[in-house]
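Here the structure comes first, spelled out in structure tokens, and everything after it is commentary.
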Amino acid sequence: MPEVKDWTTDYDIFDPSYKKDPFPIWDEIRGQCPVAHSERWGGSFMPTRYEDLFNIARDITNFSSRNVLVTDFEAPPEGAVYEEPTQEDLAQYNVGAPPITSDPPVHTWARKLLLPPFSVTSVSKYEQETRELCAELVDGFIKNGHADGAADYAQQIPSRVIASMLGIPKEKAGEFTEWVRGFLELGLTDPVLRQESAINIFKYLNEQIQEHKANPGHDDLITYLLNAEVDGEPVPEGHVLGTCFLILVAGIDTTWSSIGSAIWHLAQHPEDRARLINEPELIDSAVEELLRAYSPVTMARYVANDTEYAGCPMSEGSKVLMNFPAANRDPSVFENPDKVILDREKNPHIAFGVGIHRCAGSNLARMEMKVSIQEWLKRIPEYHLENPDAVTWAGGQVRGPRLMPVAW
Amino acid sequence: MGRRPGPRAAIDAGGLVVVMKVKVDSEKCQGHNRCYAMAPGMFKVDELGYATPRGDGTLTPDKMALAQKAVDNCPERAIEIVDE
Ligand code: HEM
Ligand code: SF4
């Protein structure tokens with residue numbers, strides 16, 4: 001890819017400098033042309049002001065969720081070698097990922113179905129086992145005096161918690177972390193890998209669903225979805241499959257990225273570590289502040305009608321990148337946006353989106369962040385980045401550290 | 001427990017007695033649960049995460065700052081403090 005010369009007309013969300021440090025770029029765009037445009041990766045618009053993200057997310061008539069991925073491909077690149085999925089595979093797995101890929105009316109019931117198992121009360125059931133998991137992970141490397149805060153810690157947590165919720169074996173966690181990365185991270189610029197990863201996830205979940213059907217009576221999310229009724233009718237199995245796919249895909253990369261960014265921030269800010277240790281009651285607002293400052297998720301919208309936003313004409317079929325992370329650094333809403341203030345008073349961040357698609361897993365994500373920060377600091381109150389330049393970042397749809405050597 | 005809420009009024013600048021209440025617009029609320037976490041005891045949330053004020057939402061003067069915090073942190077702009 002050629003070098004980006006003008007970020008307002010030719011941005012590249014996969015540019016290494018953007019993945020590593022997008023903040024000055026967003027400031028530049030926000031200051032010049034708040035809705036940027038680029039032809040790269042299939043073409044898209046990119047709002048960066050809080051107000052614009054707020055408005056677009058809530059205008060579901062013009063901005064549909066039928067396609068929420070930040071890149072699009074036509075056919076796989078020529079010469080690609082991979083196993084063609086069979087027509088049956090494709091038909092069977094062409095179930096979307098409700099509710100994230102749906103608009104009302106389907107969205108309304110699909111979301112309502114999913115909210116109760118993710119309520120504050122429901123997710124609190126998983127807090128103790130998350131604590132034990134975090135403690136065990138730290139105990140595994142603490143004697144070495146160093147570890148990878150991303151790969152050895154952050155990455156290990158959400159996949160196991162989700163496996164436990166869905167009711168699938170935790171031993172598989174490593175494998176589906178790879179599939180999810182293949183779909184949502186590495187696959188964003190590699191259609192073949194994306195397709196393969198999606199099929200792997202669908203196949204595996206489908207097996208699990210069949211197994212749950214054969215052995216009913218478990219207290220887990222797959223069983224809940226299989227037994228649920230909407231308007232007196234059971235939920236179609238394809239819908240259960242699509243929803244499980246979404247939970248796996250939406251719950252792993254995102255949360256692990258947030259935990260990783262939090263560990264990365266705290267490695268470099270002894271004053272914030274000290275505050276969290278001396279004022280443990282700050283943890284809830286600290287989690288919100290870290291979510292604001294290092295928001296991981298950028299979604300997309302499909303322009304459903306020819307429309308105009310902020311003087312910017314957008315034709316039907318265009319893509320809009322929902323840059324929630326940039327909105328959360330907008331100085332017109334957040335005082336001193338580039339500073340992490342653990343007890344920030346005014347923090348209406350939209351890291352979990354805004355409007356009807358507000359993250360259904362937000363209570364779970366918050367719980368995992370809180371517990372993973374607490375359990376780390378309890379055991380490793382003093383630590384630092386071993387080599388700040390060795391930290392690598394993923395970005396595009398989900399931003400967070402992927403390799404992060406730390407030492408104590 | 002079992003204590004009645006304290007004085008139900010605040011005195012405005014002109015010396016008039018006004019009752020301040022916190023309200024949640026159920027059309028706007030998307031269940032972020034921020035208010036619930038920020039202002040313990042002031043809101044309740046249902047199974048889907050949607051918030052409503054506890055009781056009739058009347059704010060005693062000592063609760064005003066907390067209610068303002070809930071307003072300031074709700075991403076959906078669903079919470080309002082109104083005088084009646
Ligand atoms: C820090 C971690 C997380 C972040 C930052 C995050 C962010 C988001 C965002 C921005 C959206 C809105 C999508 C849109 O507007 O198109 C969303 C939706 C969603 N998220 Fe999360 N998410 C996180 C963790 C999770 C977890 C742990 C789960 C579940 C296990 C989850 C499940 C969902 C679901 C089901 C939706 C779709 C809701 C709907 O369309 O109604 N997320 N998330
Ligand atoms: S913070 Fe706002 S959106 Fe969230 S539950 Fe409270 S009122 Fe609803």
Side-chain angles (χ1 to χ4, degrees), chain A residues 50-51 53-55 57-58 60 99 107-109 111-124 281-289 291-292 295 324 327-328 333-335 343-367 370, chain B residues 1-3 10 12-13 20-83:
Chain A
Y50 186 97
E51 202 59 26
L53 270 302
F54 184 86
N55 291 336
R58 290 159 42 96
I60 55 171
H107 174 266
T108 313
W109 67 259
R111 178 174 173 87
K112 210 167 152 196
L113 174 69
L114 205 51
L115 288 174
F118 288 100
S119 72
V120 175
T121 328
S122 303
V123 305
S124 67
E281 68 283 2
L282 275 186
I283 187 71
D284 289 330
S285 72
V287 164
E288 300 300 335
E289 176 65 349
L291 279 163
R292 178 195 70 81
S295 310
F324 299 120
N328 288 338
V333 176
F334 303 97
E335 212 173 297
D343 54 356
R344 188 178 280 277
E345 285 275 317
K346 206 173 169 207
N347 184 8
H349 74 77
I350 49 175
F352 291 119
V354 62
I356 64 166
H357 291 279
R358 183 273 301 170
C359 177
S362 58
N363 296 317
L364 179 66
R366 290 187 171 114
M367 182 279 278
K370 174 178 97 175
Chain B
M1 291 314 286
R3 230 179 106 238
D12 80 358
M20 305 302 280
K21 282 191 173 178
V22 65
K23 288 204 157 149
V24 177
D25 182 338
S26 60
E27 294 281 305
K28 291 186 182 159
C29 172
Q30 294 293 348
H32 288 252
N33 281 307
R34 294 290 304 280
C35 55
Y36 181 74
M38 280 269 157
M42 192 172 288
F43 301 91
K44 52 184 195 301
V45 290
D46 68 13
E47 208 196 18
L48 304 178
Y50 299 111
T52 40
R54 256 181 216 285
D56 71 352
T58 299
L59 293 168
T60 53
D62 58 312
K63 292 284 191 237
M64 287 297 288
L66 208 56
Q68 187 58 45
K69 222 174 153 180
V71 172
D72 287 346
N73 285 277
C74 171
E76 307 287 344
R77 304 179 195 167
I79 309 176
E80 251 189 320
I81 299 173
V82 293
D83 51 8

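Just so it is clear, the model here is predicted, and its values are computed rather than measured. Letters A, B, ... mirror the listed sequences (proteins, then strands); counts begin at 1. Reckoned from all heavy atoms, side chains included, excluding hydrogens, waters and symmetry mates.
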message: Only pairs of heavy atoms separated by less than 4.5 Å count here; which of B/M38, B/K28, B/Q68, B/R34 has the most with chain A?
response: B/R34
query: Quick one: what part of A/N347 sits under 4.5 Å from any heavy atom of chain B, side chain, backbone, both or neither?
result: both
Winner by heavy-atom pair count (cut-off under 4.5 Å) against chain B, out of A/V354, A/T121, A/V120: A/V354
field: Minimum-distance pair of heavy atoms, taken over all atoms of B/Q30 and A/R111
entry: O-NH2, 3.7 Å
field: chain B contact via A/H349 - which portion, at a heavy-atom distance below 4.5 Å
entry: both
- request: Name the region of A/F54, side chain, backbone, both or neither, that has any atom closer than 4.5 Å to a heavy atom of chain B.
  value: side chain
query: Relative to chain A, which segment of B/N73 carries a heavy atom at a distance below 4.5 Å: side chain, backbone, both, or neither?
result: both
message: If I compare all heavy atoms of B/A70 with all of B/A39, which pair ends up nearest, and what's the gap?
response: CB-CB, 4.5 Å
task: Side chain from CB out, backbone as N, CA, C, O: work out which of these in A/L114 comes under 4.5 Å of a heavy atom of chain B, or both, or neither.
output: neither
query: Is the shortest side-chain N to carboxylate O distance from A/R366 to A/E288 below 4.0 Å?
result: yes
message: Return the CG to OG distance between A/L364 and A/S119, rounded to the nearest 0.5 Å.
response: 11.0 Å
statement: Smallest heavy-atom separation, A/P99 atom then A/H357 atom, equals O-CE1, 3.4 Å
- request: Kindly say whether B/K44 contributes a backbone atom to a donor-acceptor pair with the side chain of B/R54 at under 3.5 angstrom?
  value: no
